[in-house]
Protein chains: 4
Amino acid sequence: MAKEKSTRKAGRPRSQAAQQAVLDAANKIMLTEGLGRLSIERVAAEAGVGKPTIYRNWANAHELAMAALMQEPVDPFRSPGGSAKQRLQAHLKSVLKTFSTSRGRQITLTLASAEQESELAKAFRNQVILQSRAFGHKLIEQAIAEGAVNPAVDIEAALDALYGPIFFRLLVGHLQVDESLAGTLVDMLFSGIEPSGKHSDSPPPTEQ
Amino acid sequence: MAKEKSTRKAGRPRSQAAQQAVLDAANKIMLTEGLGRLSIERVAAEAGVGKPTIYRNWANAHELAMAALMQEPVDPFRSPGGSAKQRLQAHLKSVLKTFSTSRGRQITLTLASAEQESELAKAFRNQVILQSRAFGHKLIEQAIAEGAVNPAVDIEAALDALYGPIFFRLLVGHLQVDESLAGTLVDMLFSGIEPSGKHSDSPPPTEQ
Amino acid sequence: MAKEKSTRKAGRPRSQAAQQAVLDAANKIMLTEGLGRLSIERVAAEAGVGKPTIYRNWANAHELAMAALMQEPVDPFRSPGGSAKQRLQAHLKSVLKTFSTSRGRQITLTLASAEQESELAKAFRNQVILQSRAFGHKLIEQAIAEGAVNPAVDIEAALDALYGPIFFRLLVGHLQVDESLAGTLVDMLFSGIEPSGKHSDSPPPTEQ
Amino acid sequence: MAKEKSTRKAGRPRSQAAQQAVLDAANKIMLTEGLGRLSIERVAAEAGVGKPTIYRNWANAHELAMAALMQEPVDPFRSPGGSAKQRLQAHLKSVLKTFSTSRGRQITLTLASAEQESELAKAFRNQVILQSRAFGHKLIEQAIAEGAVNPAVDIEAALDALYGPIFFRLLVGHLQVDESLAGTLVDMLFSGIEPSGKHSDSPPPTEQ
DNA sequence: ATATAAACGAGACGGTACGTCCCGTCTTTCG
DNA sequence: CGAAAGACGGGACGTACCGTCTCGTTTATAT
């Protein structure tokens, strides 16, 4: 920490250090002032780096934001013991915790405004969202193996029925989000909302 | 004397025509070139309006975008006949249809980047998302009244388990979205994903 | 009969109070913040008057400035007793005093930037400069009558040789201006700068 | 070779070509449309230059105007042979010629409205007025050396008695200006306006 | 007395220009 | 050489005023 101040050193080598400084500066700005205040010019100034050095690595501020947000791993994927349902709930809780922060909101916004098809956008989505979702996928497969979930279920849809509501509430902001939501969602998804002991009042539509 | 009539403010009233032209121009630009190309300057030029006239009514480009997107009603809330489940599916389909367009994506993005607490942002959320969701709320209440849904269910959570996955997929883009998703989600939500007989004595649903 | 009639227009007469308020506000702004800060909008606000009321009377800010500066008479044209030279000096001193103030500078600037041929500009020049100069004209004529000035002299040129240097120094600012300048100029103009007892025609060697 | 080593600042040097284009455009606008139509925006457009490039070099339109007017030397200071008086007259004629043009008027106006104490304003005054006046100074010193002018004379005052009337007439516009004014002024200044052979002050007090 | 007409304050209108910020590119110097 | 510094042409920002145009409200004649 003490030697961080004297990065001057009068030397040439800076190539890797410069990129790290850029990412750090970008993260700092996003954290303290928000995504909207992130500009290449400011990042360059705060990182003590020339603008071309940034453009050499990222095409625009958006890509830089994605790269910076990808720096720190999103989530440790807590998965303590317990039943399949309990493990899934614990995982969802950690997702909730991660995304209900300022950084989580920035990730959501960055994701929303990303050029959908760019390589970096895919990597970003994969790293910050889908990696976590993939962990959930594994948990559901375990649950099926344990006989806790019907093997015929559409796993992708089930996953989105768990993750979707979280992001939906964070995005739209119509309802507060806390960790109890994890339990509510998992319970509902497992048991459904039909009255107990009742089938559907019409034959389940097996064809679409 | 009796001058109680003048609730009217002094000065020339704001031109409703100018404001409409601004909103139309904004909508046109967003539709044809995307939210990113929306600038006050362009809108002013294309609407044949001075910039201050725009700033007199909206604080920045973001607010203008929200106002423009609010212009046209989002959805007609189709609700044909049929069972509660069927009506809910039909409604979700129309939501899917609306939001899987270019305009739907712009709405999502605008929503994501909105200043959460501003008056206009609340109005925007309310009009473009929550109004539709409120319709879903009514459908679920009907379903409960018809005995098709357990009265103890957390209706808000159930609604978000239906809308959330749609926006989640649109936002993250990990899976394509089509209208069949409506059926899948409703079925899953109603029956749950547990193996048959665990929470109800209903016969196992026919697998696909 | 002959009841004075049709010259008077119908309708509400122009408010003399409003016009005075406008001129006062304009003078105040010019005095405290300078000519450059004079804007119709500010004057209207400070005078508690609508902009059209100003435009009804003056075509633009420049004309308003001239009118406002003309409000107060420029100078009382002091002319105490004494010889013709002394009276001229006294007059010049009062001119110097008047124009070496902030208001004098604003007058100079307003004069410089005026549309030369407009009616108001002529009136302005006439009132703030030429009226004073006309007084000087009278003094020189008196001096001629007294035998103190050669009757063949070009009075206009002589006047400008007295007034010109004052404005020149104020405008260019290359030398400070104080009241002693009046005496210096008058003395020089009366006696000339040639060596005593000499009146021209001895061509010195013309080498460069 | 005298290669300046570290005095040189880092970074891309300012484009001398761009600055020249700006000055040329400014001069063109002032010449064809007048000082009042000079705006940074137009200059930028006509010079094919970004606005910040202009602001990087000049603080506002006024400074740019001064710089542009300084571009071309004001006067060649004609000084043909002849007596001291004749040389002075010739010089004044060239001053008259220079300043009775459109450009001369713009210079006068720019001078009048300049922030008196700014560095550039001083340079401007020095270059466009005082340099010429300094030439006149030299001519008067020569005249003194030749015995054509009384050595006790206040040279500064004498100079202003020559230049002042010219600018006074140009500024106020009460009398036309032509080259004959040079002769009139020089003659009057040299000989004075008192009756010939008279250098005393004995005022025969006539009536008031 | 009652119209009628003009001027009033207020303030929005279409515009122009301001001076600033940032974009993404380029040019130069230095280690 | 690579990387800092920083100027470049450009575009948009949000603000200040411009001079014009409604508004609804006085205030005077002219009917």
Side-chain angles (χ1 to χ4, degrees), chain A residues 8-15 17-18 38-42 44-45 47-56 59-61, chain B residues 3 5-6 8-15 17-19 37-45 47-57 59-61, chain C residues 5-6 8-15 17-19 37-45 47-57 59-61, chain D residues 4-6 8-15 17-19 37-45 47-57 59-61:
Chain A
R8 323 182 59 82
K9 284 185 181 175
R12 305 172 233 168
R14 192 86 197 256
S15 77
L38 185 75
S39 74
I40 299 288
E41 208 126 295
R42 270 202 65 182
V49 141
K51 284 201 290 173
T53 300
I54 298 180
Y55 282 107
R56 221 170 273 128
N60 50 51
Chain B
K3 51 180 283 188
K5 180 100 182 265
S6 63
R8 182 79 157 70
K9 288 269 202 78
R12 179 173 174 176
R14 301 203 174 173
S15 156
Q19 299 191 29
R37 311 284 279 195
L38 185 74
S39 76
I40 298 287
E41 207 124 296
R42 267 200 68 184
V43 171
V49 142
K51 282 200 290 172
T53 296
I54 299 180
Y55 283 108
R56 223 171 270 127
N57 291 284
N60 48 53
Chain C
K5 45 182 176 183
S6 62
R8 186 68 161 84
K9 293 243 202 90
R12 177 176 175 173
R14 297 201 179 176
S15 156
Q19 300 192 28
R37 310 283 284 185
L38 186 74
S39 73
I40 298 288
E41 208 125 296
R42 268 202 65 184
V43 171
V49 141
K51 284 201 290 172
T53 298
I54 298 180
Y55 282 107
R56 224 170 270 127
N57 293 283
N60 50 51
Chain D
E4 63 252 282
K5 20 187 175 182
S6 59
R8 184 73 159 78
K9 289 268 204 76
R12 177 175 176 174
R14 299 205 176 172
S15 157
Q19 300 192 30
R37 311 283 280 195
L38 185 74
S39 75
I40 299 288
E41 207 125 294
R42 266 201 68 183
V43 171
V49 142
K51 281 201 290 175
T53 297
I54 298 181
Y55 282 107
R56 223 171 269 126
N57 291 286
N60 49 53

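Every chain is numbered from 1 and lettered A, B, ... according to where its sequence line falls, protein lines coming before strand lines.
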Nearest-Å distance, [atom1] ([X]) to [atom2] ([N])?
X        : N       : atom1 : atom2 : answer
Glu41(B) : dC18(E) : CD    : P     : 14 Å
Ile54(C) : dG19(F) : CD1   : C1'   : 12 Å
Gln19(B) : dC13(E) : CD    : P     : 7 Å
Asn57(C) : dG19(F) : CG    : P     : 15 Å
Arg37(D) : dC18(F) : CZ    : P     : 16 Å
Asn60(C) : dG19(F) : CG    : C1'   : 10 Å
Ile40(A) : dG6(F)  : CD1   : C1'   : 16 Å

Does [X] have a side-chain nitrogen or oxygen under 4.0 Å from the phosphate oxygens OP1 or OP2 of [N]?
X        : N       : answer
Thr53(D) : dG9(F)  : yes
Arg56(B) : dC13(E) : yes
Arg42(A) : dC22(E) : no

Could you tell me which residues satisfy side chain to side chain donor-acceptor pair (under 3.5 Å) with Arg14(D), sequence neighbours excluded, listed by chain and number?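 With neighbours one apart ignored, the set is Asn57(D).
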Only counting residues at least two apart or in another chain, list the ones meeting side chain to side chain contact (heavy atoms under 4.5 Å, CB included) with Ala61(D). Ile40(D)
Tabulate atom names and distances for all N/O pairs under 3.5 angstrom spanning the protein and nucleotides 20-22 of chain F.
unit_1	atom_1	unit_2	atom_2	d
dC21(F)	O2	Arg12(B)	NH1	3.0

Arg42(A): partners by salt bridge (Lys or Arg N to Asp or Glu O under 4.0 Å), with sequence neighbours left out: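 Scan of Arg42(A) (salt bridge (Lys or Arg N to Asp or Glu O under 4.0 Å), adjacent residues dropped) gives Glu33(A), Glu46(A).
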Side chain of Ser15(C) - closest among dC18(F), dG14(E), dC8(E): dC8(E)
I want to verify a distance call: between dA17(E), dC23(E), dA4(F), whose nearest atom is closest to the Ser39(A) side chain? dC23(E)
Using the closest heavy atom to pick a nucleotide of DNA chain E for each, name whichever of Gly48(C) or Ala18(B) lands nearer the 5' end. Gly48(C)
Note the angle between the end axes of the helix from dA1(E)-dT31(F) to dG31(E)-dC1(F), five pairs defining each, rounded to 10 degrees. 10°
More 5' along DNA chain F: Leu38(B) or Ala44(D), using each one's nearest nucleotide? Ala44(D)
Ile54(B) CD1 to Ser39(B) OG distance, which is reported to the nearest 0.5 Å: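 With rounding to 0.5 Å, CD1 (Ile54(B)) is 9.0 Å from OG (Ser39(B)).
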Does the side chain of Arg56(A) reach to within under 4.5 Å of the side chain of Pro52(A), using non-hydrogen atoms? yes
Least distance between heavy atoms, Ala44(B) atom then Gly50(B) atom: CB-C, 4.3 Å
